[in-house]
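Only this structure's heavy atoms are used, side chains among them; waters, hydrogens and symmetry mates stay out. Every value quoted in this text rests on a predicted model; they were computed, and no experiment measured them.
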Protein chains: 2
Amino acid sequence: MKLATRRDGSRDGRLVIIRRDNAVFTPADDIAVTLQAALDDWDAVLPALAARSDALNAGEIAGKPVADVVFDAPLPRAYEWVDGSAYINHIVLVRKARNAEPPETLETDPLVYQGGSGKLLGPTDDIPLQDPSWGLDFEGEMVCILGDTPRALPAEEAGQHIKLMTLCNDVTLRNLIPAELKKNFGFFNSKPATAFAPFACTPDELGDAWRDGRVHLNLKIWLNGAVAGDVAAGPEMHFSFHDLLAHVAKTRDFTAGTLLGSGTVSNTDEAAGVSCLAERRMREIIQHGAPSTRFLQAGDHVRIEMFGADGTSLFGAIDQKVVS
Amino acid sequence: MKLATRRDGSRDGRLVIIRRDNAVFTPADDIAVTLQAALDDWDAVLPALAARSDALNAGEIAGKPVADVVFDAPLPRAYEWVDGSAYINHIVLVRKARNAEPPETLETDPLVYQGGSGKLLGPTDDIPLQDPSWGLDFEGEMVCILGDTPRALPAEEAGQHIKLMTLCNDVTLRNLIPAELKKNFGFFNSKPATAFAPFACTPDELGDAWRDGRVHLNLKIWLNGAVAGDVAAGPEMHFSFHDLLAHVAKTRDFTAGTLLGSGTVSNTDEAAGVSCLAERRMREIIQHGAPSTRFLQAGDHVRIEMFGADGTSLFGAIDQKVVS
């Protein structure tokens, strides 16, 4: 089942169901007005949503063209946005870029930060460029949307709380990070609003690609039309979503609709490319002594998408322009 | 105007208005079902809420006893919980306690962290003690509840976005902090669910005590019935709420219902006592070489309250028991 939020001028939009081929949608706001409302009452509304999704996919409901509407983030405002950093190659490269050591517990204790969740960007919303000197960058990531999750749960029990999957662009202001981290309270100004893919899929839509709490497919990233990365999201995800969820739930419960991110998808094989510019710049520094890739400027265009085994775009595209 | 959320088994409770003397309340869920709904549409609902509040305070509405109902946090789940650390004395003492230097930019660049906001504790909810070795502590703070706030706003324009004020107990697991900060991504496991006072007041309820973006009243804290602190919240708040809001809004918009905290209220004068145990322990270390105050244990009881010039409890009491 693929769910999405049609933008209608309200704060939370309207829940719709997307046909598997992404061509048409059908409203579902009579079952649950918003995606948050559906997640609040997931077990009760799931049968009705699934039945309508099946009817749409079987052609029993004609649906309306997806091209005719604008999608918001699946959750235009969410109660929490918790972002891990599960790809160790990204941590190692980015810390090298700012002359910082990776933490001693790199392989045993997941890195996570709490992000802002009150204002999330839709898939085609502009990325605001406030000050080019701040070093605007994108970060392509996998994201889980959680149901109600109790604290102190073991990783073995985490999977059942993952209700939906999607993608995000965790926009980052690289040059604001060093001063911010020096203060020791984590990221804040350096993490402006995050953008999300239009469609959120139940994990079964991923078939065999969803296993061990990882998505075994490639994340594709384009910058100004050229492929920047075609990066395997599965094998190098050191901490699975199950591990991340068990870690973050150590001392807290999470409410339905909490967003949990993987961190920047990253491969050690340079041929895979990158899901963020910071990694490419770091590779350039290592090879040539200095970065030749610049950060994002006004007019730049970022696209992030993931395709299933049959070539269908699973979550639709994050497709954003940078605007001053 | 004093607003509150009556717990009714739903996720967001029901909006009520509290009489100024805290004795009775009247429902307001016909004007806006929840406090979040009121904040979403603040300018439109404010006149009706204010008129009913006036009628309640004038005795035209009898109201029902406050003692008969249970209050939740004003926002049982909020879209963001952003917590500053505006009292420099607290930063200096707590960093000494963990042998860390205060940041070089202590007096010019506010410290803030993004807290978890999906599951907030009501004023009389138990504080869970999962593991006594984690060093359970309380932190008494002032909190603003924001309306929609645009990014890049100057401090001079911040005040208009502060719609309500309340108190919180920012529960902290002291012994989880050092390892967590060493990873450089900020607090996460060390900050379990935060508890809030029952009543949220419009700033005008504070009269002259609300000025310069600071609350010029004392925060009172009791531990097991004994006064632990009677701490002035105004003069030593180095960064005002206006400063904090301008800082956090540098790169992001905030949605209505965002919670912005002051950090632990702290005075350099030792006679004022403390709003958290970490400060008392640090003073003991400085004076006697070792702390004699233990962290919270099962059965301990924490009360946090603030009184107006006429002796009325402004926000009601945070009144929590520690339970294994």
Counting only heavy atoms closer than 4.5 Å, note whether W134(B) contacts chain A via side chain, backbone, both or neither. side chain
Using heavy-atom distances under 4.5 Å, tell me whether D131(A) contacts chain B through its side chain, its backbone, both, or neither. neither
Could you tell me if the side chain of F185(B) sits less than 4.5 Å from the side chain of V112(A), heavy atoms only? no
Does T251(A) reach the main-chain N or O of N189(B) with its side chain, forming a donor-acceptor pair under 3.5 Å? yes
Less than 4.5 Å to any heavy atom of chain A: does that hold for the side chain of S117(B), its backbone, both, or neither? both
Chain B contact via E101(A) - side chain, backbone, both or neither, heavy atoms under 4.5 Å: neither
Applying a strict 4.5 Å limit to non-hydrogen atoms, the region of A179(A) in contact with chain B is neither
So does G118(B) get a backbone contact from the side chain of E80(A), meaning a donor-acceptor N/O pair under 3.5 Å? yes
Please classify the contact between P110(A) and chain B as side chain, backbone, both or neither, with a heavy-atom cut-off of under 4.5 Å. backbone
What residue, out of T258(A), T105(A), D148(A), has the most heavy-atom pairs lying under 4.5 Å from chain B? D148(A)
Examine whether an atom of D83(B) lies under 4.5 Å from a heavy atom of chain A, and if so say whether it belongs to the side chain, the backbone or both; otherwise answer neither. neither
Segment of L106(A) engaging chain B (4.5 angstrom heavy-atom cut-off): neither
So R77(A) and D40(B), do their side chains get closer than 4.5 Å, heavy atoms only? yes
Counting heavy-atom pairs under 4.5 Å with chain B, the top scorer among K182(A), K183(A), R151(A) is K183(A)
With chain A as the partner, which of R11(B), E104(B), Q130(B) has the greatest number of non-hydrogen pairs under 4.5 Å? R11(B)
